[in-house]
Amino acid sequence: MSPTDSAARPADGPVRDLYDLVTGDENARVCRDISDAACREQPANFFIHLVALVANKAGDLIASPKLVLPWLLGAIGAPVAMIGLLVPIREALALLPQLAVAGWMRARPRRKGFWVAGAAIQGTAVLAMIVAALLWSGALGGGVILLLLAVFALGRGVCSVSYKDVQGKTIAKTRRGTLSGYAASAAGAIAVGLGVGLWLLADGGPGLVPLLLLLGVAGMAWLVAAAVFAGLREHAGATEGGGNALATAWQSLSLFRDKPGFARFVAVRGLLIATALAAPYYAELARASGGDAIGNLAVLLALSGLASLVASPFWGRFSDRSSKSVLMVTGALAAALNLGVALCALFGAGEALGVWPFALGYFLLAGLHAGVRLGRKTYLTDLGSADDRARLTALANTSIGVILLAGGGLIAAIGTAGAAIAVAALAVPALAGAVLAAGLPATT
């Protein structure tokens with residue numbers, strides 16, 4: 001029996017029957033790239049992953065640094081400069097430490113505890129932001145929230161570096177993209193419901209209480225995710241390569257040379273962060289056209305959730321067939337969308353139509369970004385093996401953290417000329433990422 005294509009099948013029972021129904025084909029019963037023991041546990045683990053991911057992704061949508069946190073800083077009177085720090089702090093601090101964390105984690109045969117701890121840190125940090133917003137305002141309140149966001153980002157980084165490794169041990173190939181797609185879709189439905197509810201309750205003003213309620217829901221979602229994931233049935237894995245974290249981090253750099261396709265993948269992923277960097281500028285164009293009322297935030301929140309609900313199942317299944325193709329398609333479409341939105345802004349569409357052209361653009365961008373996320377996660381998980389998956393994930397994420405700091409700073413400088421100019425500029429890396437993705441080796 002090949003170690004990467006097990007003939008074992010999940011154990012019989014009602015959970016397996018539901019699993020077969022959800023995954024949708026007989027091939028779901030054949031496990032690839034996981035052990036026989038993990039295969040027998042796969043139906044139950046599939047739903048544990050699903051619930052935990054739904055809660056995690058819902059928290060990401062609800063406490064978004066691209067939407068909700070900027071509105072929060074504005075509501076407490078924090079300096080505008082602090083708003084520009086939200087995405088870089090959250091993304092870069094979640095990525096940069098991961099290479100060192102991977103070496104530490106590698107020495108432990110079971111790694112779900114890292115994800116549980118990271119989710120608990122995220123939930124606690126977001127709930128603490130509520131307290132900070134109630135106690136302080138202005139620069140002090142904004143500074144405390146940014147500090148809590150840094151703590152949140154570190155917890156997020158631990159989750160990121162551990163999740164692909166745990167998923168790779170417990171969920172078979174051809175099921176990983178589907179799992180992530182269903183989770184993102186369900187989380188999107190939750191965000192849509194909250195957005196619609198917020199819009200119905202909005203009184204036309206900016207308001208602080210609705211924002212704090214959103215943060216409360218997001219914080220509790222991460223705590224629920226931690227509790228659920230603690231029940232995952234994870235078997236012990238290999239621990240070779242664990243030990244001194246910094247030494248392991250340095251040794252992992254050889255993967256750029258030794259792992260076919262990995263260096264190109266990191267370059268593709270680095271270019272496609274354009275879809276993340278563009279989102280705050282889309283939101284800024286929407287705010288400039290429609291104002292900063294809670295009702296407008298609710299529209300954007302609902303549309304971002306709807307995009308995840310509609311797009312994620314499609315991208316998830318597409319990723320299981322060819323995650324490389326997903327990266328190519330989403331990059332090309334994002335480039336075209338950026339140019340279209342920039343032209344709308346430059347030719348005064350906001351003055352004529354208000355928030356809606358940019359709300360629609362935000363919806364489409366969120367759908368494409370969901371594809372980028374699912375495509376890159378599935379590609380990297382499938383590219384790796386049980387022996388190097390955690391190190392690949394950590395090295396990729398740490399590299400992207402460096403790229404994000406440099407690229408985010410460059411785009412921020414370009415953005416001083418206007419949000420529309422920044423959006424237009426971000427079409428270039430998106431298209432370059434699509435072109436470079438065409439040369440990635442296939443993993444399925």
Side-chain angles (χ1 to χ4, degrees), residues 49 52-61 63-65 87-106 108 110-126 149-171 176-177 179-180 183-184 187 218 221-222 225-226 228-229 232 234 245 248-249 252 255 262 265-266 269-270 272-273 275-276 319 323 369-370 372-384 388-405:
H49 275 277
L53 280 182
V54 168
N56 178 68
K57 291 177 182 295
D60 276 338
L61 288 170
S64 170
V87 171
I89 286 176
R90 187 200 188 207
E91 300 300 328
L93 291 184
L95 296 172
L96 288 172
Q98 290 187 22
L99 193 56
V101 172
W104 179 40
M105 184 187 74
R106 184 68 181 170
R108 276 70 178 174
R110 290 180 177 84
R111 292 132 195 182
K112 70 178 184 180
F114 286 88
W115 198 93
V116 171
I121 289 171
Q122 290 178 85
T124 303
V126 169
L149 184 62
V151 174
F152 170 95
L154 294 175
R156 179 181 175 84
V158 173
C159 283
S160 180
V161 76
S162 60
Y163 183 73
K164 291 182 183 67
D165 187 68
V166 175
Q167 187 193 52
K169 290 169 59 183
T170 56
I171 302 297
R176 296 165 187 162
L179 169 64
S180 296
W222 271 298
V228 170
F229 206 74
L232 190 75
E234 179 193 6
T248 302
S252 295
L255 290 170
F262 178 62
F265 166 77
V266 171
R269 183 180 168 187
L272 292 183
I273 61 172
T275 59
S319 294
S323 50
H369 184 61
V372 170
R373 287 172 60 87
L374 285 168
R376 65 173 172 78
K377 286 180 179 180
T378 303
Y379 187 89
L380 184 58
T381 302
D382 291 346
L383 181 69
D388 63 14
R389 188 176 286 115
R391 289 190 300 143
L392 287 173
T393 300
L395 181 56
N397 287 345
T398 301
S399 302
I400 295 302
V402 175
I403 294 171
L404 181 64
L405 287 177

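Heads up: numbering here begins at 1 and tracks the sequence.
Of all heavy-atom pairs spanning A226 and A119, the tightest one is CB-CB, 3.9 Å. Pairing each heavy atom of L93 with each of A150, the nearest pair is CD1-CB, 3.6 Å. V126 and A218 get closest at one heavy-atom pair: CG1-CB, 4.3 Å. Across all non-hydrogen atoms, the minimal contact from F114 to V158 is O-CG1, 3.2 Å. Minimum heavy-atom separation, A58 to A187: N-CB, 3.4 Å. Residues A153 and R90 share a closest heavy-atom pair of CB-O, 3.4 Å.
In this structure, T378 contributes its side chain and G375 its backbone to no donor-acceptor pair below 3.5 Å.
From F229, atom CZ reaches atom NZ of K112 across 8.5 Å, with rounding to the nearest 0.5 Å. Taking CD1 of I121 as the start and CZ of R156 as the end, the distance is 13.5 Å to the nearest 0.5 Å. Rounding to the nearest 0.5 angstrom, the gap separating the CZ atom in F265 from the CG atom in L380 is 4.5 Å. Atoms CD and CD1, on E91 and I273 in that order, are 9.0 Å from each other to the nearest 0.5 Å. Here Q122 contributes atom CD and L154 contributes atom CG; the two are 10.0 Å apart, rounded to the nearest 0.5 Å.
With sequence neighbours excluded, no residue satisfies side-chain hydrogen bond (donor to acceptor under 3.5 Å, both in side chains) with R376. Applying the side-chain hydrogen bond (donor to acceptor under 3.5 Å, both in side chains) criterion to Y379, with sequence neighbours excluded, gives no partner residue.
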